[in-house]
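Report on the following structure.
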Amino acid sequence: MVNSIEVNEQAKISTLTCIDLSNLDIQSSVSLLKQACLDSGFFHVINHGIDEEFMDEVFAQSKRLFDLPMKEKMKLLRNEKHRGYTPVLDEYLDPVNQIHGDYKEGYYIGVEVRDDDPDANKPFYGPNVWPSSDILPGWRESMERYHQEALDVARAVARLMALSLDLDEDFFNRPEILGKPIATLRLLHYEGRTSEPAKGIFGAGAHSDFGLITLLATDSIFGLQICKDKDAEPQIWEYIPPLKGAFVVNLGDMLERWSNGIFRSTLHRVLGHGQERYSIAYFVEPSHDCIVECLPTCQSTENPPKFPPIKCESYMLQRYKDTHADRSSYN
């Protein structure tokens with residue numbers, strides 16, 4: 001078994017750079033963040049402002065949801081807006097190497113937009129799927145508070161990210177980018193199955209995230225691995241140690257496109273080791289209509305844009321379609 005104390009002797013451990021959001025020396029934080037983005041695309045964020053007791057409460061509420069009978073969870077099944085419950089094997093992140101989908105269940109919570117709001121017509125906006133307060137009292141309130149507080153942390157990280165790319169501090173926080181973001185909270189529960197990479201069995205298959213950045217809170221169980229060089233043969237995988245109260249932050253594919261490949265969205269996966277594991281991901285993507293194209297500070301005559309401009313909504317819809325089971329398969 002792998003836990004916060006023991007790790008397989010042959011497993012490599014990656015030590016991540018730690019960014020302290022309370023540090024008043026902004027330039028020091030920007031330098032640390034930039035080097036982390038160049039080295040691995042992963043770093044820890046501490047002193048982010050979310051109370052540790054509240055983080056523990058959100059984890060406890062997540063466990064309560066996943067402890068519900070399957071019949072109750074299936075009533076909350078993911079809808080066409082990608083809100084709600086996703087069963088084990090629903091997501092298929094690495095079809096080349098996986099023989100089944102991921103051995104994890106999840107729950108998507110997006111930005112709450114009422115049905116009568118004009119924005120509700122957009123693919124990733126709309127009302128959330130909420131469990132009954134009779135079954136899970138206080139659950140919605142905890143998740144809505146966490147959603148907002150995590151977005152505040154993401155905006156703070158985005159300011160450092162902009163400075164690290166020689167942009168105005170508020171570049172990513174402009175109205176057309178993170179004014180109305182596709183910000184998605186996803187609760188995750190990995191069952192106690194032991195992964196067998198050689199046989200194509202994973203907690204979560206190897207993938208890079210879709211958007212700008214991801215904030216990940218984890219419990220004390222090892223499982224998350226990164227591969228700093230996806231083109232290496234063989235690929236070298238390293239565990240990310242859990243750090244109580246911290247976020248693991250990683251870069252998404254959109255930031256790789258924006259930065260012309262200077263900052264990379266790094267491959268990562270989750271291996272199960274016979275223990276249950278819980279994590280809480282917060283995916284931050286720009287607004288539906290945002291056009292992601294090479295930043296002026298990341299191109300030159302010698303280094304022209306490597307990726308064509310793309311609309312965020314189009315990119316996200318395709319990535320969800322590529323990685324999730326067809327909802328009709330659950331009928």
Side-chain angles (χ1 to χ4, degrees), residues 12-52 54-55 146 148-174 177-179 181 183 208-209 211-218 224-229 238-268 279-286 292 294-300 303:
K12 292 181 177 292
I13 306 294
S14 184
T15 303
L16 297 186
T17 297
C18 214
I19 310 293
D20 184 345
L21 288 188
S22 69
N23 185 4
L24 298 179
D25 185 348
I26 300 299
Q27 195 49 54
S28 170
S29 295
V30 169
S31 297
L32 284 170
L33 182 145
K34 183 170 186 176
Q35 194 58 51
C37 291
L38 293 170
D39 289 346
S40 68
F42 272 75
F43 51 92
H44 277 125
V45 163
I46 60 171
N47 294 325
H48 43 67
I50 300 182
D51 182 75
E52 198 166 304
F54 177 56
M55 295 277 282
Y146 185 85
Q148 187 55 57
E149 292 192 15
L151 183 56
D152 291 341
V153 177
R155 290 189 190 283
V157 174
R159 286 191 281 274
L160 297 178
M161 197 73 70
L163 291 171
S164 74
L165 290 166
D166 299 317
L167 300 165
D168 178 78
E169 181 181 22
D170 287 322
F171 177 84
F172 292 114
N173 285 306
R174 293 186 304 175
I177 299 180
L178 291 181
S208 55
D209 288 346
L212 177 63
I213 57 172
T214 301
L215 309 180
L216 181 72
T218 71
L224 175 64
Q225 292 186 318
I226 65 171
C227 174
K228 294 178 182 175
D229 183 359
E238 303 174 36
Y239 280 102
I240 300 296
L243 183 59
K244 176 70 172 172
F247 281 115
V248 176
V249 181
N250 64 280
L251 315 183
D253 297 335
M254 286 185 195
L255 188 56
E256 181 169 310
R257 297 175 77 102
W258 254 315
S259 69
N260 209 23
I262 294 172
F263 289 174
R264 294 165 298 132
S265 56
T266 302
L267 276 183
H268 52 287
S279 64
I280 300 170
Y282 191 75
F283 301 106
V284 183
E285 287 96 20
V292 178
C294 184
L295 297 167
T297 57
C298 297
Q299 58 180 292
S300 63
N303 186 30

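Of all non-hydrogen atoms in F172 and A158, the two that sit nearest each other are CD1-O, 3.6 Å. For M161 against C37, the heavy-atom pair with the smallest separation is SD-SG, 3.8 Å. The minimum heavy-atom distance linking P286 with L178 is given by the pair CA-CD2, 4.1 Å. Taking both residues in full, the closest heavy atoms of N23 and S28 are given as ND2-OG, 4.0 Å, listed atom of the first, atom of the second, then distance. For I19 against S29, the heavy-atom pair with the smallest separation is CD1-O, 4.0 Å. Scanning all heavy atoms of the two residues, the minimum distance from L21 to N47 falls at CB-O, 3.6 Å.
The side-chain contact (heavy atoms from CB on, under 4.5 Å) test with L255 is passed by exactly one of L165, D209, V292: L165.
Note that CG of L251 is 8.0 Å distant from OG of S259, once rounded to the nearest 0.5 Å. Interatomic distance, CD of E238 versus OG1 of T15, reported as 8.5 Å (0.5 Å rounding). The distance from the CD1 atom of I213 to the CZ atom of F263 is 12.0 Å, given to the nearest 0.5 Å. Rounded to the nearest 0.5 angstrom, F283 CZ and L215 CG are separated by 10.0 Å. Here the CG atom belonging to L33 is positioned 11.5 Å from the CD1 atom belonging to I26, to the nearest 0.5 angstrom. In this structure, OG1 in T214 is found 7.0 Å from CD in E285, a value given to the nearest 0.5 Å.
Between V284 and V249 the shortest side-chain heavy-atom distance does not fall below 4.5 Å. In this structure, T297 and F171 have side chains that are not in contact, with every pair of non-hydrogen atoms separated by 4.5 Å or more. In this structure, the side chains of L243 and C18 come closer than 4.5 Å at one or more pairs of heavy atoms. Within the 4.5 Å cutoff, no side-chain heavy atoms of N250 are placed close to those of T266. Contact check for I240 versus T218: no side-chain heavy atoms found under the 4.5 Å cut-off. Using a 4.5 Å heavy-atom cutoff, the side chains of R155 and L151 are in contact. In this structure the side chain of S31 never reaches within 4.5 angstrom of the side chain of Q35, judged on heavy atoms. Contact check for S208 versus E256: no side-chain heavy atoms found under the 4.5 Å cut-off.
Between the side chain of R257 and the main chain of C294, no donor-acceptor pair closer than 3.5 Å is present. Here the side chain of R159 pairs no donor or acceptor atom with the backbone of N173 at under 3.5 angstrom. Checked by atom type and distance alone, the side chain of R264 never pairs as donor or acceptor with a backbone atom of D229 at under 3.5 Å. Counting only distance, with no hydrogens or angles, the side chain of N260 and the backbone of C298 share a donor-acceptor pair below 3.5 Å.
Under the ring-ring contact (aromatic ring centres under 6.0 Å, His included) criterion, the residue pairs touching residues 25-51 are F42-H268, H48-F247, with sequence neighbours excluded.
Ring-plane geometry between F54 and Y146 is classed as tilted, the angle between the planes lying from 30 to 60 degrees on a 0 to 90 degree scale.
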